[in-house]
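Note sheet for the following structure.
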Amino acid sequence: MGDVDFLIIGAGPAGMAAAAQAARLGMSTAILDEQPAPGGQIYRGVEVAGPVRGRILGKDFLNGVQLAQGVRHAGIRYIPGATVWKAEAGGSVAYSVEGAARTIRGRRLLLATGALERPVPLPGWTLPGVMTVGAAQILLKQSGVVPRRAVIAGSGPLLYLVAAQMVRAGRPPLALVETPERRDLLRALRHLGGALRGWRYMAKGVGWFAELARAGVPRYRSATELRIEGTDKAEALSFVAGGRNRCIACETVLLHEGVVPNTQASRAMNLPHHWDAGQRCFVPDHDVWGQTAEPRVYVAGDGAGIGGAQAAEQAGCLAALHAAAALGHIGNDERDRRGARHLRRLAREMAARPFLEAAYPPGMQTRAPADDTIVCRCEEVTAGDIRRHAALGCRGPNQAKAFGRAGMGPCQGRYCGLTVTGLLAAQTGQTPAETGYYRIRPPLKPITVAELAALEPDPGENT
Amino acid sequence: MKKDFPFQEIDPDGPRVAVRFDGAVYDLPEGANLAAALLVAGVRAFRATPISGAPRAPFCMMGACYDCLVRIDGVVRQACMTRVQAGMEIERAPAREVPHG
Ligand SMILES: Cc1cc2nc3c(=O)[nH]c(=O)nc-3n(C[C@H](O)[C@H](O)[C@H](O)COP(=O)(O)OP(=O)(O)OC[C@H]3O[C@@H](n4cnc5c(N)ncnc54)[C@H](O)[C@@H]3O)c2cc1C
Ligand code: FES
């Protein structure tokens, strides 16, 4: 009834490319995304952004127009506004649209749920007026909204891109407060070979730095002791840079320390994950086609390990090719022949990653937050609480839930999981892999009893 | 419209509709992202935490952090995942209605 050959969760570059590829290979395809329009994070709102926003966001953003058009294809059932709250290894998926729950099943299932921004536990990071750099970018892409007096702080290429976009929007940030240390860059130079192969990324970076310099945006490097000041809202960012205490008054503080895979769905399916030391995060185990330990389930895009938008597209195509061969739509020869091209492009895209990971690591302050810093935003659990749990014998994040409710709020550990793993590992002397991560159970997003009661199978029109 | 709020629209256009937030009436762009529209309208605190009652406002804008929870016509929802509709009755999500462990 509601079955399709290929069911995709996530309409970012990975999911959109996979859907288009799958439909071309003759698979009945459905793609679910909780956002109202296709695009994912990088191409958020790409169909509605007019020329003004297009100019601000740049050429890379407009690359998404074609991909988004691709899912509006007759052979693809695109279901927007669909929040997936359960996905099973057998291919069954439960989701809600406007408060009504439904189910659908794919003979093959692709998780293309993208990335989340890494948690940035700093003093004051829960105050109104503090948001992620990605959140500010979403406001700009989706709504044409920009903060008037913002300071940007943290680490990673997105800092410079969004700062440049704010300059173009006529609201330059008051300052960039950068946490990478000099030795991070020196360490990164080891990976210069890869960086040069991925020269396009580097060229873009140079362009952003020039835009920021022309706009006169002050940059503070190797910043430490960051603190957001204010009691009921953000009023300033204080920090130490160049041996001096500084404090910049502002209304908005934008934080960012890179992105990490959103593994909520793969975790909830109990798929095996491993610790990626370079990216400092957990990644679901998968082969070059994206196939996981469950043969019917694939992962692609940033949710399978951070690689960026171009890499996500290639990975989406690879998963679709493999699924098509598994279901007999194409032969293995054809799969391998077509796959080779995507694998080559994927390798090229990944070449610059080791350099970027080494040059822009999360800062020391957020890797080992001070005792009084909140790490679990939902339940207001501090780093000191987690260290005390460890002293009492807590060895892993699941135990930490029992000790003090970290990770038990509505975000289900999305913004504390990696911090809690890191804190416990540091206290117990275990590796992050040994320490592990929260066990995630469905529903992936809180749902109401009324939604459950109204559960109806997917109407499944033409499939 | 007042322009001295922390967030501003760069290309305002389209029809506006009236919604109520904590008793006050706001004219917001119809169909716009509710969290974005409330930020532009000068709203700073969206909810209070169930533990300490501390104020919270949108943090991630992508449906992951739940700090934008508001009660809309009686149902607690994420403002960043909701579109503006005429006549919405919105309140700060009371601490006791925020799901927690
Ligand atoms: C906030 C943010 C901003 C970014 N901005 C940029 C940028 O400007 N430039 C750049 O190069 N990279 C950016 N990135 C990096 C980005 O991850 C990649 O460039 C690229 O978007 C990854 O593509 P993807 O298809 O893997 O995932 P995404 O593009 O993240 O798409 C994943 C999709 O899955 C959907 N989804 C997730 N969980 C569920 C669920 N439970 N139910 C339904 N749908 C779900 C999401 O709504 C999303 O649309 C950004 C990342 C983030 C987190
Ligand atoms: S702002 Fe994070 S869920 Fe809405």
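Note that the structure is a prediction, hence the values are computed from the model and not measured.
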Contacting region of [X] [heavy-atom separation from chain A under 4.5 Å]:
X: B:Asp67; value: side chain
X: B:Phe7; value: both
X: B:Arg83; value: side chain

Side chains of [X] and [Y] in contact at under 4.5 Å (non-hydrogen atoms):
X: A:Met131; Y: B:Leu39; answer: yes
X: B:Phe46; Y: A:Pro128; answer: no
X: A:Val145; Y: B:Gln8; answer: no

I'd like to know if the side chain of A:Lys233 reaches the main chain of B:Ala45, judged simply by a donor and an acceptor atom lying under 3.5 Å from each other, with no hydrogens or angles considered.
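No, the answer is negative, given that no donor and acceptor are paired below the 3.5 Å cut-off.
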
Can you name the closest pair of heavy atoms from [X] and [Y] and give their distance?
X: B:Pro6; Y: A:Thr252; answer: CB-OG1, 4.2 Å
X: B:Arg44; Y: A:Ala234; answer: NH2-O, 4.3 Å
X: A:Ile138; Y: B:Cys60; answer: CD1-O, 3.8 Å
X: B:Tyr66; Y: A:Pro410; answer: CE1-O, 3.4 Å
X: B:Met81; Y: A:Glu34; answer: CE-OE1, 3.2 Å

Counterpart residues, ring-ring contact (aromatic ring centres under 6.0 Å, His included), relative to A:His389 (two or more places apart)
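So A:His389 forms a ring-ring contact (aromatic ring centres under 6.0 Å, His included) with A:Phe403.
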
More than 12 foreign heavy atoms under 6.0 Å from CD of B:Gln85: is that the case here?
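Atom CD in B:Gln85 is not crowded, with 12 or fewer foreign heavy atoms closer than 6.0 Å.
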
Enclosure of A:Arg149 CZ (heavy-atom neighbours >12, cutoff 6.0 Å)
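It does: A:Arg149 CZ has more than 12 such atoms within range.
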
For [X], which atoms come within 4.5 Å of any heavy atom of chain B: side chain, backbone, both, or neither?
X: A:Lys445; value: both
X: A:Thr132; value: both
X: A:Leu254; value: neither
X: A:Gln264; value: neither

Identify, with sequence neighbours excluded, every residue that meets salt bridge (charged side-chain N to carboxylate O under 4.0 Å, His left out) alongside B:Glu91.
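Per chain and number, B:Glu91 pairs via salt bridge (charged side-chain N to carboxylate O under 4.0 Å, His left out) with B:Arg71.
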
Out of A:Val48, A:Thr231, A:Val146, A:Val52, return the one with the most heavy atom pairs under 4.5 angstrom to chain B.
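Most heavy-atom pairs within the cutoff with chain B belong to A:Val146.
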
Using a 4.5 angstrom heavy-atom cutoff, name the option from A:Leu127, A:Leu139, A:Ile56 with the most pairs to chain B.
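Heavy-atom pair counts peak at A:Leu139.
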
Looking at B:Ala57, B:Ala64, B:Ala36, which has the largest count of heavy-atom pairs under 4.5 Å with chain A?
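Most heavy-atom pairs under 4.5 Å with chain A: B:Ala64.
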
Test log, rule side chain to side chain contact (heavy atoms under 4.5 Å, CB included), inputs A:Leu116 and B:Met62:
CA-CA 9 Å; A:Leu116 292 170; B:Met62 55 183 281; 3.7 Å; yes

Do we see a donor-acceptor contact under 3.5 Å between the side chains of B:Thr49 and A:Glu380?
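Side chains of B:Thr49 and A:Glu380: pair found under 3.5 Å.
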
Is it possible for you to check whether A:Arg377 lies under 6.0 Å from the centre of the six-membered ring of B:Phe59, through NZ or CZ, and within 45° of that ring's axis?
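Ring-cation test returns yes.
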
So how far is it from B:Ile10 CD1 to A:Met166 CE, rounded to the nearest 0.5 Å?
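Those atoms lie 11.0 Å apart.
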
Gap separating the CD atom of A:Glu379 from the OG atom of B:Ser52, nearest 0.5 angstrom
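One gets 11.0 Å once the value is rounded to the nearest 0.5 Å.
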
